[in-house]
Q: 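My questions all concern the structure below.
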Amino acid sequence: MDKKAVDQVVSVLANSRNTIVVTGAGISTEAGIPDFRGADGIYRKLGENKVMNIININAFNRDPEEFYDFYRKHFAFPPAEPGKAHLMLADMEKKGRVKGIVTQNIDSLHEKAGSRKVVAIHGTADRYICRNRGCQGVYDQDYVDRYEEVVPHCEKCGSVLKPDVVLFGENIKDYVEARDMILGAQVLMVIGSSLTVYPLAGFVKEFTTFYQDLIIINKGRTQLDHAALVKIDGGHTGDMLEEINRQMDLRGC
Ligand code: NAD
Ligand code: ZN
């Protein structure tokens, strides 16, 4: 673990009244959910274009069967529990050290870890919503797993169900809230994101044009490494957050 960088992060966080955390797929790899852009990720295996062409709202509307065929095969997350990194962030929020999380993840692991203020801009993978707007049917993963056909339908009205995740071509959820949280932060700590997916990467970039206090904890390079006050690359992220939290306990801040 980079001791000097960890100490620096502790000092920055200790002086912050409003720390917001931004997380991406990299925070969940230690909990057993692979990322997309990492070495074994789906983008490397299948190519980003192929994924974008199917995990796309137009493709979904045109041919839900083809969509679900692919989605069930490649997007089913293994069952996972929150990792140490998720648990540490939840504890840091309880102690007032973190005010909220904006996440690109769709695995609900922050909520399961006990974090309260979580804005999941790409939605939630284990929720399915009826496409008939007037119906408002909501279903869980179990319902879809047990459904006998490839394309799940609503029990109440018979319409097709869509995973409650933001597909390519759709707007992110809670755009204004996410942007306000990020631009209102005193310190922004990005964990496990390559900062290539927009608009989130744009919000972080905008933050750096006004403020300097950006911390990045990510394996591999990100698009905003040059703008970070501290960048930590490598090591076990859960252990690192545990150490940061422990040092803040010791300092009583
Ligand atoms: P991304 O662009 O945010 O990249 C993930 C980054 O995390 C990579 O740079 C990788 O090197 C880094 N990383 C991997 N393990 C790490 C660790 N232990 N500690 C620190 N950093 C680590 O995300 P992506 O994988 O390109 O996914 C794109 C989008 O797909 C996401 O924004 C999300 O919507 C969705 N997705 C979600 C999940 C999830 O919910 N767990 C998983 C995969 C993809
Ligand atoms: Zn319905």
Side-chain angles (χ1 to χ4, degrees), residues 1-2 21-46 48 51-52 55 71 74-86 88 101-113 118-139 143 152-168 170 172-173 178 189-201 204 215-225 231-241:
M1 194 180 308
D2 185 343
V21 177
V22 167
T23 65
I27 198 168
S28 295
T29 54
E30 288 164 12
I33 300 180
D35 57 14
F36 288 173
R37 288 191 170 73
D40 299 323
I42 185 174
Y43 286 166
R44 296 277 173 95
K45 277 194 267 180
L46 301 174
E48 195 160 344
V51 178
M52 276 172 80
I55 302 304
Y71 190 82
H74 298 291
F75 279 72
F77 287 154
E81 292 302 316
K84 198 189 273 178
H86 300 98
M88 286 303 126
I101 299 174
V102 177
T103 188
Q104 294 193 139
N105 293 346
I106 51 179
D107 57 24
S108 307
L109 290 182
H110 287 304
E111 292 88 340
K112 279 191 195 159
V118 182
V119 176
I121 57 171
H122 289 175
T124 308
D126 54 12
R127 271 162 57 100
Y128 293 78
I129 307 286
C130 176
R131 286 299 270 166
N132 169 4
R133 276 172 198 268
C135 168
Q136 298 189 329
V138 178
Y139 297 85
Y143 178 85
H153 289 80
C154 178
E155 211 168 45
K156 294 189 244 172
C157 76
S159 301
V160 169
L161 302 183
K162 181 189 158 291
D164 192 20
V165 297
V166 173
L167 306 180
F168 290 105
E170 287 190 297
I172 64 163
K173 293 175 186 275
M189 182 158 69
V190 173
I191 307 174
S193 172
S194 61
L195 295 174
T196 41
V197 180
Y198 276 75
L200 185 72
V204 178
I215 297 166
I216 299 179
I217 301 177
N218 192 65
K219 283 200 174 123
R221 53 183 295 276
T222 81
Q223 296 301 317
L224 290 172
D225 285 352
K231 161 82 195 285
I232 303 183
D233 191 329
H236 188 280
T237 297
D239 288 350
M240 216 141 30
L241 289 176

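Quick note: residue numbers are just sequence positions, from 1. Both ligands and their constituent atoms are indexed starting at 1 by order of listing. Scope of the values below: all heavy atoms of this structure, side chains included, with no hydrogens, waters or symmetry mates.
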Q: Short question: side chain of Y128, backbone of Y143 - any donor-acceptor pair under 3.5 Å?
A: no
Q: For ligand 1, which atoms, with element, lie under 4.0 Å from some heavy atom of S28?
A: 41 (N)
Q: Which ligand 1 atoms are under 4.0 Å away from a heavy-atom of T196?
A: 2 (O)
Q: In Å, rounded to the nearest 0.5 Å, how long is the span from CD1 of I216 to CD of Q223?
A: 10.0 Å
Q: Nearest 0.5 Å, what's the CZ-CZ distance between R44 and R37?
A: 10.0 Å
Q: Any donor and acceptor pair, going by atom type alone, linking the side chain of D239 with main-chain N or O of H236 inside 3.5 Å?
A: no
Q: Within this structure, what is the CD1-NZ distance for the pair I106 and K173, rounded to the nearest 0.5 Å?
A: 11.0 Å
Q: Could you check whether D35 and T29, counting side-chain N and O atoms only, form a donor-acceptor pair closer than 3.5 Å?
A: no
Q: Any idea which atoms of ligand 1 are less than 4.0 Å away from a heavy-atom of H122?
A: 32 (O), 33 (C), 34 (O)
Q: With rounding to the nearest 0.5 angstrom, report the CG to OG distance, L200 to S193.
A: 6.0 Å
Q: Of the protein's non-hydrogen atoms, which lies at the shortest distance from atom 32 (O) of ligand 1, and what is that distance?
A: Q104 NE2, 2.8 Å
Q: Which residue owns the protein heavy atom closest to atom 11 (O) of ligand 1, what's the atom, and how far is it?
A: K219 O, 2.7 Å
Q: CD of Q136: more than 12 outside heavy atoms within 6.0 angstrom?
A: no
Q: Roughly how far, to the nearest 0.5 Å, is the CG atom of L109 from the CD atom of E30?
A: 12.0 Å
Q: Between N218, T222, L109, I42, which one has a non-hydrogen atom sitting closest to atom 6 (C) of ligand 1?
A: N218
Q: Is R37 close to ligand 1, meaning an N/O of one under 3.5 Å from an N/O of the other?
A: yes
Q: When you measure from atom 2 (O) of ligand 1 to every protein heavy atom, which one gives the shortest distance, and what is it?
A: S194 OG, 2.5 Å
Q: Please calculate the SG(C154)-the Zn ion (ligand 2)-SG(C130) angle and round it to 10 degrees.
A: 110°
Q: May I ask you to identify the nearest protein heavy atom to atom 20 (C) of ligand 1, giving residue, atom name and distance to one decimal place in Å?
A: T237 OG1, 3.3 Å
Q: Would you mind running through ligand 1 and noting each atom that sits below 4.0 Å from a heavy atom of G192?
A: 3 (O), 5 (C), 6 (C), 7 (O), 21 (N)
Q: Please list the nearest protein heavy atom to atom 17 (C) of ligand 1 with its residue and the distance rounded to 0.1 Å.
A: G26 O, 3.2 Å
Q: Starting from atom 40 (O) of ligand 1, which protein heavy atom do you reach first, and at what distance in Å?
A: I106 N, 2.8 Å
Q: Report yes or no: does a heavy atom of S193 sit under 4.0 Å from some atom of ligand 1?
A: yes
Q: Counting heavy atoms only, which of Y43, F36, F77 comes nearest to atom 44 (C) of ligand 1?
A: F36
Q: Nearest to atom 15 (N) of ligand 1, what protein heavy atom do you find, and at what distance?
A: T29 OG1, 2.9 Å
Q: Please work out whether any backbone atom (N, CA, C, O) or any side-chain heavy atom from C-beta onward of E30 is under 4.0 Å from ligand 1, and answer side chain, backbone, both or neither.
A: side chain
Q: Side chain of K162, backbone of V165: donor and acceptor closer than 3.5 Å?
A: yes
Q: CD1 of I129 to OH of Y139: how many Å apart, nearest 0.5 Å?
A: 10.5 Å
Q: Taking S28 for the side chain and A31 for the main chain, is one N or O donor matched with an acceptor at less than 3.5 Å?
A: no
Q: Is there a heavy atom of P34 sitting under 4.0 angstrom from any atom of ligand 1?
A: yes
Q: In ligand 1, which numbered atoms sit nearer than 4.0 Å to a non-hydrogen atom of I33?
A: 41 (N)
Q: Any idea which protein heavy atom is nearest atom 14 (C) of ligand 1, and the distance to it?
A: D35 OD2, 3.3 Å
Q: Quick one: which of I232, D107, I55, T23 has a heavy atom closest to atom 41 (N) of ligand 1?
A: D107
Q: When you check the side-chain N and O atoms of H86 and T23, is any donor under 3.5 Å from an acceptor?
A: no
